[in-house]
Amino acid sequence: MAIVTHVVMQPTVLLVEDDPDLRGVMAEALQAEGYDVNMAINAREAVRVLAATEVACLVLVDLEAPCVQGLSLLETLRQDARFTGSRVVGMRAESGPCPQGAVALLRKPVRLKDLMAVVQAHCPDPRPEAAQRVSR
């Protein structure tokens, strides 16, 4: 009897943040939990990265930085058929309603506990023990 293990791709998160320090800390935290992380510093780069990525389970986007153009990115993701079903979590310092096109809003400064909770709510579990083994 052979044991076949299916190769499971790690869930990928796209992080769109212009602050290199914050981007680095968030990426390290996500990678430590087993997520693949792609990064972009603005909306244009985010669209390019998403188009080249097979699937991102979640897009985390800074909504306030002018160079990021987070609200513009939300609009692009809603209108472009290639990104139908993309789940976006906005990040901003001001509280308020979740913008149209986003599934959640994180308040900055983002607490790592809150970051992980929202990613876990919208992405598959990346841990190896969560992968199923199939016996034949």
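In this chain, residues are counted from 1 in sequence order.
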Atom of [X], atom of [Y] and distance for their closest heavy-atom approach:
| X | Y | value |
| --- | --- | --- |
| A104 | V118 | CB-CG2, 3.8 Å |
| P124 | C57 | CD-CB, 4.0 Å |
| A27 | L15 | N-CD2, 3.9 Å |
| P126 | P11 | CB-CD, 3.7 Å |
| G101 | V88 | O-CB, 3.9 Å |
| I41 | R23 | CG2-NH1, 3.1 Å |

Value rounded to 0.5 Å, distance of [atom1] in [X] from [atom2] in [Y]:
| X | Y | atom1 | atom2 | value |
| --- | --- | --- | --- | --- |
| Q69 | L74 | CD | CG | 12.0 Å |
| M91 | D114 | CE | CG | 12.5 Å |
| L58 | C123 | CG | SG | 5.0 Å |
| E45 | D18 | CD | CG | 11.5 Å |

Would you mind reporting whether [Y] and [X] have side-chain heavy atoms less than 4.5 Å apart?
| X | Y | answer |
| --- | --- | --- |
| V61 | E17 | no |
| E64 | E94 | yes |
| L50 | F83 | yes |
| V47 | R82 | yes |

Mind checking whether [X] and [Y] sit in one hydrophobic cluster, side chains of I, L, V, M, F, W, Y counted as touching below 4.5 Å?
| X | Y | result |
| --- | --- | --- |
| V68 | L22 | no |
| Y35 | V49 | no |
| V59 | V110 | no |
| M39 | L112 | yes |

With a 4.0 Å cut-off, would you call D62 and K108 a salt bridge? yes
Can E75 and Q100 be said to form a side-chain contact (heavy atoms from CB on, under 4.5 Å), step by step? CA-CA 9 Å; E75 186 66 25; Q100 184 179 3; over 6 Å; no
Under 3.5 Å donor-acceptor, [X] side chain and [Y] backbone:
| X | Y | answer |
| --- | --- | --- |
| R107 | A93 | yes |
| R92 | L63 | no |
| Q10 | D36 | no |
| R111 | K113 | no |
| R87 | H122 | yes |

Which one of L30, V37, V16, L14 satisfies the side chain to side chain contact (heavy atoms under 4.5 Å, CB included) criterion with L60?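 When L30, V37, V16, L14 are each tested with L60, the side chain to side chain contact (heavy atoms under 4.5 Å, CB included) holds only for L30.
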Under the side-chain contact (heavy atoms from CB on, under 4.5 Å) criterion, do L105 and V89 qualify, and how do the steps go? CA-CA 5 Å; L105 184 64; V89 171; over 6 Å; no
Take M26 and Q31 through the test side-chain contact (heavy atoms from CB on, under 4.5 Å) and record every step on the way to the result. CA-CA 9 Å; M26 292 174 73; Q31 290 167 338; over 6 Å; no
With a 6.0 Å cut-off (strictly less than), is the heavy-atom count around CZ of R44, excluding the residue itself, greater than 12?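 At most 12 heavy atoms, drawn from other residues, nucleotides or ligands, come within 6.0 Å of this atom.
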